[in-house]
Amino acid sequence: MARFVFITGGVVSSLGKGLASAALGALLQARGFSVRLRKLDPYLNVDPGTMSPFEHGEVFVTDDGAETDLDLGHYERFTGVAARKTDSVSSGRIYSNVLEKERRGDYLGKTIQVIPHVTNEIKDFISIGEDEVDFMLCEIGGTVGDIEGLPFFEAIRQFSQDKPRGQCIFMHLTLLPWIAASGELKTKPTQHSVKELRSIGIAPDVLVCRSDKPIPEKEREKIALFCNVRKEDVIAAPDLRSIYEAPLAYHREGLDQAVLDAFDISPAPRPNLQRWEDVQDRIFNAEGEVKVAIVGKYTQLEDAYKSIAEALTHGGMANRVRVKTEWIDAEIFERDDPAPYLEGYHAILVPGGFGERGTEGKIRAAEFARTRKIPYLGICLGMQMAVIEAARNLAHLPDAGSEEFDHEVGKKRFTPVVYHLKEWVQGNHTVARKVDDDKGGTMRLGAYTANLAPKSKVADVYGETVIEERHRHRYEVDIKYREKLEDKGLKFSGMSPDGRLPEIVEVPDHPWFIGVQFHPELKSKPFAPHPLFADFVRAAKEVSRLV
Ligand code: GLN
């Protein structure tokens, strides 16, 4: 049966709780344990699928088709364990399950209350698959004291009581602010945060304290004394140059040892940190730099394309170069010629997105990359834009466009080279959707197989001809235009197994021009860079040597 680590945060948000959880997962793996990480989010959205990337950052999609919080991306990148639907839940989902059961009469006429009905639903969620791993790490979103977080805190308190003694521990992240005037790190916010936690019945076993200065011995003793932990359980979390330093940095600070001590696991198995030493070496000993332009819509908030930024970093690591990414708002190219903006870059990436705004600019970016022979990677919408560009400029379909944009304004303006898919095959069953279905969870979501054309560029890049990648979209390139486009040099080099859905296009007569209907960035890891990103950065590196 799994041991449980509950990870909570206090004082302020954005302390890097997700990263600390992911790093702890990696360290427990390094000591030979199996782990699974889970995120419990107090917001009322049923899932983040309907939340704007401007507000909540990217939506991370799992193999089994769940739209989840971007922290699950960190978990996967650090542990390599593929997240599942059952690794992410929100208050919205919990309440909607409870209310569904109430309507069905499952509660046999009882009065439905937060305790026990909502808390039981949370506890049931936490224990799903508990027999499968040595450690289950559950992160609670938000900070202690938030009204909407209370049912989750109450549920984990009860959960730890339901389990035999010693099977659950609590790890709490706080902030030690530096007060320049007195030249001190202040422990009071941490003390208050722990007091708040203890007032709802949770006594932390390990404290992770974020600060931009090392914690002096005196302060460490003070925190231990006032927060009722041992001095060794006060872990310093200094700012890092790269997130991929986190496992080694936390190990040096004694995080994994403190956690194993809290569970009384002795002797603790020795860690093998080779993987993280190699990752760190590749990050800090890169030679040279390549510049990649990302032409997108959600450019103000980097978290909106979190996995793409990380996958590019991994691609850099594979080639031992630094990747400098710059975000360019696609709308600029609807007014201005892209050339002066894009000329200095070694590669261009057009990421996924929704809605018409900025798409004409993305089409121009794709045209620039194709005609100037600059490496181009189009992801999802970025692939659709590359196809529309080729249709308009090579295949003589000047009105080529996507049905998505016509639906938005409610009138027909484009030849639908990209159309709304209403029915498709997943495994051995057919999925059907209408245009006006609910917005949440109605896309082609999760892992699908694609067959790659032998001898194509992508088959060469992947080193295989059957791949599985994650999807999140409603629209598809229409196979009807295949012949016309292939005649003009845009090859359909990856197809769904039934041959109906184009999954990859490429321009053979170009150093590197690939569009993919799926999201390869979701599966890239620092210790296993995704082949498409590794090869895209390799191509960029070649361009950087030529200029
Ligand atoms: N908006 C497009 C679609 O739904 C692309 C989605 C995406 O880029 N993830 O098909």
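What you see is a predicted model, and the numbers here were worked out from it, not measured in a lab. Atoms within a ligand are numbered from 1 in the order they appear, just like the ligands themselves.
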[atom]: nearest protein contact (heavy atom, Å):
atom                    : answer
atom 7 (C) of ligand 1  : Cys380 SG, 2.9 Å
atom 10 (O) of ligand 1 : Tyr475 N, 2.9 Å
atom 2 (C) of ligand 1  : Glu404 OE1, 3.3 Å

> For the rings on His530 and Tyr462, is their centre-to-centre separation under 6.0 Å?
Replying inline: yes
>> Would you say the ring centers of Phe518 and Tyr448 fall short of 6.0 Å from each other?
In response: no
> Looking at ligand 1, does any of its N/O atoms fall within less than 3.5 Å of an N/O of Leu381?
Replying inline: yes
> Counting only heavy atoms, which portion of Arg472 has something under 4.0 Å from ligand 1: side chain, backbone, both, or neither?
Replying inline: backbone
>> Does only the side chain of His519 get under 4.0 Å from ligand 1, or the backbone, or both, or neither? Count heavy atoms.
In response: side chain
> Which of the numbered atoms in ligand 1 are below 4.0 angstrom from a heavy atom of Arg474?
Replying inline: 3 (C), 4 (O), 10 (O)
> Looking at side-chain heavy atoms only, is the closest gap between Leu349 and Leu312 below 4.5 Å?
Replying inline: yes
>> Can you confirm whether Arg364 sits close enough to Val295 that some side-chain heavy atom of one is under 4.5 Å from a side-chain heavy atom of the other?
In response: no
>> Measuring from atom CD of Glu408 to atom CD of Glu356, what distance do you get when rounded to the nearest 0.5 angstrom?
In response: 6.0 Å
> Rounded to the nearest 0.5 Å, what separation is found between the CZ atom of Phe536 and the NE2 atom of His346?
Replying inline: 12.0 Å
> Is a side-chain N or O of Asp478 found less than 3.5 angstrom from the main chain of Val417, in a donor-acceptor match?
Replying inline: no
> Is ligand 1 less than 4.0 angstrom away from at least one heavy atom of Gln384?
Replying inline: yes
> Can you tell which of Gly378, Gly355, Gly382, Gly353 gets a heavy atom nearest to atom 8 (O) of ligand 1?
Replying inline: Gly353
